Peer 1: 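Below is one structure. I have some questions about it.
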Amino acid sequence: KCSEEGTQRSHFQRALNHFAPNSYDVYTNSYLNIRDLANHIKADGIAVLMHYFPNAWYSHFCLVTGRQGDDWVVINDDVDHFRKVISHLEMKKYMKRQFIDGVWFPKLWFINQYE
């Protein structure tokens, strides 16, 4: 289910899978970590990351599209910047494993395009 604010967390996997049969592979599991993310990005994949900002009361989706040295390139992580580079230390904060409202965070969806 979509709204003006985006896709609800409970419907996000289904929304991604809607596009997967066309030209994308979407993979997720509950135990993906920052090393898995780094390997996926290095293999020319992208990832959707749902995380909690430190001390926030809400979760947030962003798209991880690449690396610049040790830093990470993300889309939709900042109201003022569509594309942003964040430090590895900041990404480690996003990737901190935590149990909030009955759900384990962070959530990662690895996406590969195929022809």
Side-chain angles (χ1 to χ4, degrees):
K1 180 176 179 177
C2 296
S3 70
E4 290 179 3
E5 292 80 34
T7 302
Q8 297 173 355
R9 180 182 71 207
S10 59
H11 299 286
F12 190 72
Q13 179 69 46
R14 186 171 46 164
L16 275 178
N17 287 338
H18 174 76
F19 295 101
N22 297 326
S23 59
Y24 299 94
D25 285 322
V26 178
Y27 173 77
T28 189
N29 77 41
S30 298
Y31 301 102
L32 294 171
N33 60 41
I34 198 166
R35 187 177 312 117
D36 298 322
L37 177 59
N39 289 336
H40 180 71
I41 296 298
K42 186 176 181 180
D44 293 327
I46 61 172
V48 174
L49 168 62
M50 183 172 62
H51 67 92
Y52 268 83
F53 285 112
N55 302 318
W57 60 270
Y58 57 90
S59 60
H60 178 72
F61 289 102
C62 66
L63 185 64
V64 184
T65 61
R67 302 279 307 263
Q68 290 182 352
D70 289 337
D71 297 335
W72 297 85
V73 179
V74 295
I75 307 294
N76 186 43
D77 197 48
D78 188 323
V79 177
D80 298 325
H81 301 92
F82 176 71
R83 180 182 181 275
K84 183 177 176 183
V85 176
I86 63 170
S87 71
H88 187 71
L89 183 59
E90 190 72 15
M91 181 59 80
K92 284 175 71 172
K93 290 178 187 175
Y94 290 2
M95 295 294 296
K96 179 182 177 194
R97 191 124 166 97
Q98 49 192 327
F99 191 69
I100 300 171
D101 294 333
V103 177
W104 280 103
F105 286 90
K107 295 266 187 211
L108 279 168
W109 292 267
F110 289 169
I111 302 170
N112 290 303
Q113 187 171 18
Y114 63 88
E115 299 191 25

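Quick caveat: nothing in here was measured; it's all calculated off a predicted structure. Values below: all heavy atoms of this structure, side chains included; hydrogens, waters and symmetry mates excluded.
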Peer 1: Could you state the interatomic distance from CD1 (I86) to CG (D71), rounded to the nearest 0.5 Å?
Peer 2: 8.5 Å

Peer 1: Using the side chain to side chain donor-acceptor pair (under 3.5 Å) criterion, which residues pair with H88? Sequence neighbours excluded.
Peer 2: W72

Peer 1: Can you sort out the partners of D70 under side chain to side chain donor-acceptor pair (under 3.5 Å), two or more places apart, ordered by chain and number?
Peer 2: none

Peer 1: Looking at N76, is its backbone amide N or carbonyl O close enough to the side chain of H60 to form a donor-acceptor pair, meaning the two atoms are under 3.5 Å apart?
Peer 2: yes

Peer 1: Each residue besides V73 in its hydrophobic cluster should be listed here, by chain and number; the cluster joins Ile, Leu, Val, Met, Phe, Trp and Tyr at side-chain heavy-atom distances under 4.5 Å.
Peer 2: V85

Peer 1: Holding to side-chain contact (heavy atoms from CB on, under 4.5 Å), I want the full list of residues that pass it with F99, two or more places apart in sequence or in another chain.
Peer 2: W104

Peer 1: Please examine the side chains of Y27 and L108, heavy atoms only from C-beta on, and report whether any two atoms are closer than 4.5 Å.
Peer 2: no

Peer 1: Tell me, do V64 and M91 make a side-chain contact under 4.5 Å, heavy atoms counted?
Peer 2: yes

Peer 1: Which residues satisfy the side-chain contact (heavy atoms from CB on, under 4.5 Å) test with D44, sequence neighbours excluded?
Peer 2: none

Peer 1: Mind checking whether Y94 and H51 have parallel, tilted or perpendicular rings, split at 30° and 60°?
Peer 2: parallel

Peer 1: Residues two or more places apart in sequence or in another chain: which of them pass side-chain contact (heavy atoms from CB on, under 4.5 Å) with N33?
Peer 2: R35, D36

Peer 1: Determine whether K107 and F61 make a side-chain contact, defined as any pair of heavy atoms from C-beta on separated by less than 4.5 Å.
Peer 2: no

Peer 1: K84: what forms a salt bridge (charged side-chain N to carboxylate O under 4.0 Å, His left out) with it, not counting sequence neighbours?
Peer 2: D78

